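The block underneath contains the structure these notes are about, expressed in structure tokens.
Here the structure is a predicted model, which is why all the values come from computation and not from measurement.
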Amino acid sequence: MADPRGGPTPVPRVVSVVPDVPAINKEFDYLVPDHLAGRVRVGTVVRVELHGRRVGGWVVRDGVPPRAGINLRSLSRVTGWGPPSDVVELTQWASWRWAGRRSAFLRTASPETRVAALPPPAWGAPPAGGSRQVLDEALAAHARRLVLRLPPAAALLPVLLAAAGRGPTLVIAPAVAAVAALAAGLRQAGVPVAVVPGDWAQAAAGAQVVLGTRAAVWAPCPDVAAVVVLDGHDERLQQGQAPTWNGWVVAAERAARAGIPCIVVSPCPTVELLSWGCVTVPSRSVERQGWAALEVVDRRRDDPRTGLYSARLVNLLRTSGRVVCVLNRKGRARLLACTGCGELARCEVCGGAVALDPTGQLSCTHCGASRPAVCLTCGSTRLGLLRIGVSRAREELEALAGRPVGEITAETSWQPDAPVLVGTEAVLYRLPQADAIAFLDFDQELLAARFRAGEEALALLARAARLVGGRERGGRVLVQTRVPHHDAVQAALLADPSRLTGPEAEVRRTLRLPPWTALALVSGQAAPTFVAALDGVEVAGPASGRWLVKASDHERLLTALASVPRPGGRLRIEVDPLRF
DNA sequence: CGGACAAGCTGA
DNA sequence: CAGCTTGTCCGG
């Protein structure tokens, strides 16, 4: 169309928009009307008309050449600020890396409520200190991928202050409690902090430190100079639902794209972390001081019938202040046997083991069938508790300790005010500190049928060591086990995590497990069709409705997953599963 | 996701 | 063959 006044034809401004509709993983082009022109950029949250209805969405590309033959609609309105353009690009990479929908990542990267305007930026670095020099040297020696192995009781604030001294810093931690504590510490040191998601607008405007849980890795952070991940080994950095993205992996990619350092701090770096970055280790004495004294109770000589309580445990219960006992089994008893005929209590319907529920009935953990506590073979009502749970342990511990014992599991919301507590590993995440921690049956962790069992066990010991404080605070961690020489136990005992990761890396190599290979779990109604079409990867399964896809590296795995068109129906792809 | 539309089924 | 259900396709 020629301009009637004879001037050059104005080129219409066109943007690509990803709609915020879970089932659509596609970009659509829209015209930018003149009255919105100044408020639209890559990342902006907009509303658009799609197929007759208005939906939200994100501008992901600007200056798109208009394609002939398509009658474009205009953007309906601008909702507000969205992720900056570098993060928008990162979401595209992430949708490939975790075989997920772009909108899932864009939503995580956006403010929870509409942000119409930004406040003034909040800059202000802390005064240069001793830690700063240590960090600078480590970064100079190890380039941009740094794994900082700091023991559990080590203070993390100095690391953040050192990083913030070099420029605006993005920090992620696994849990809300740690985020709140660090934010308070930084503010006390005079460092302006934006805690996301609440302070998203401040983060977008600019702040010396942008801080939050794993989703904060998607937060805006203008002029970011470093990304810091705290407790990089923690499984909570990985999202549970698909796409199963992992905070430290995103942090590493974001930093690499920005050409800035990524610093991952952990008392017990995983073999994945070690294969990614260069590890910096404190002196032997500093690391030893930062782990708690570990008491390993070797139960190999003990009669299996003496139960969960060694003499040293009883002593700990009676002499220490606040004692926390960890037993990763909920309920009263998970396995029972008839004291008369010795038969195991099993389910009438499916034959599986039955557990004792709070009402005194036996209920099946597989099919849910319930029946009275009577032996099916001889009719006796006297059933022995072979594998007790937290509820029963609480009663027995109370008798042994001679003082009140409280119970905490993932379900209990309140916190009992008893000197001794027993619970599943949820207790370790619920309490701020303790004087002593006892793992009643640590073999359950050490020998779990999961490929990360050893690392998970060491992470629990690290968590416990942090709760009781380092050696100087006199906190104690007691571990009851029949595998006292297990690498995870030895690593915590000697305050040397490489005792575990060294052999662990070799085992993983032999078994062709990550980080030497890349895995994905595929499940859902459409999974059979999908996995049948995969090419260039190994497919195993199905095992309980799930297929395991294995490739020599992520590049090959994700290329294969991306090259098969998604069939209709439900499909869940879990890249880098934590367990399978 | 949700509307449009085509194909398939039913009853008169 | 109208009227309805079910399934597949596609959106700028």
(message) Without decimals, in angstroms, what is the distance between A:I24 CD1 and C:dC9 P?
(response) 15 Å

(message) Whole angstroms only, please: what is the CD-P distance between A:E27 and C:dC10?
(response) 19 Å

(request) Report the distance from atom CG of A:L31 to atom C1' of C:dG12, rounded to the nearest whole Å. (result) 9 Å

(message) Could you tell me how far apart A:D20 (CG) and B:dC1 (P) are, to the nearest whole angstrom?
(response) 13 Å

(message) For a quick test of reading the model: is some side-chain N or O of A:R53 closer than 4.0 Å to OP1 or OP2 of B:dG2?
(response) no

(request) List for me each residue that meets salt bridge (charged side-chain N to carboxylate O under 4.0 Å, His left out) alongside A:R334, sequence neighbours excluded, and say none if there are none. (result) none

(message) Taking the basic N atoms (NZ, or NE/NH1/NH2) and the acidic carboxylate oxygens, is any pair closer than 4.0 Å for A:R187 and A:D199?
(response) yes

(message) Holding to salt bridge (charged side-chain N to carboxylate O under 4.0 Å, His left out), I want the full list of residues that pass it with A:R61, two or more places apart in sequence or in another chain.
(response) A:E27

(message) When you measure from the side chain of A:T244 to the backbone of A:Q241, do you find a donor-acceptor pair of N or O atoms at a distance under 3.5 Å?
(response) no

(request) Can you tell me the distance, in whole Å, between the CG atom of A:L50 and the P atom of B:dC1? (result) 14 Å

(message) Output the rounded distance in Å from NE2 (A:H51) to P (C:dG12).
(response) 7 Å

(request) Tell me whether the OP1 or OP2 atom of C:dC10 has a side-chain N or O from A:K26 closer than 4.0 Å. (result) no

(message) Please pick, from C:dG11, C:dG12, B:dC1, the nucleotide with the shortest atom-to-atom distance to any side-chain atom of A:V21.
(response) B:dC1

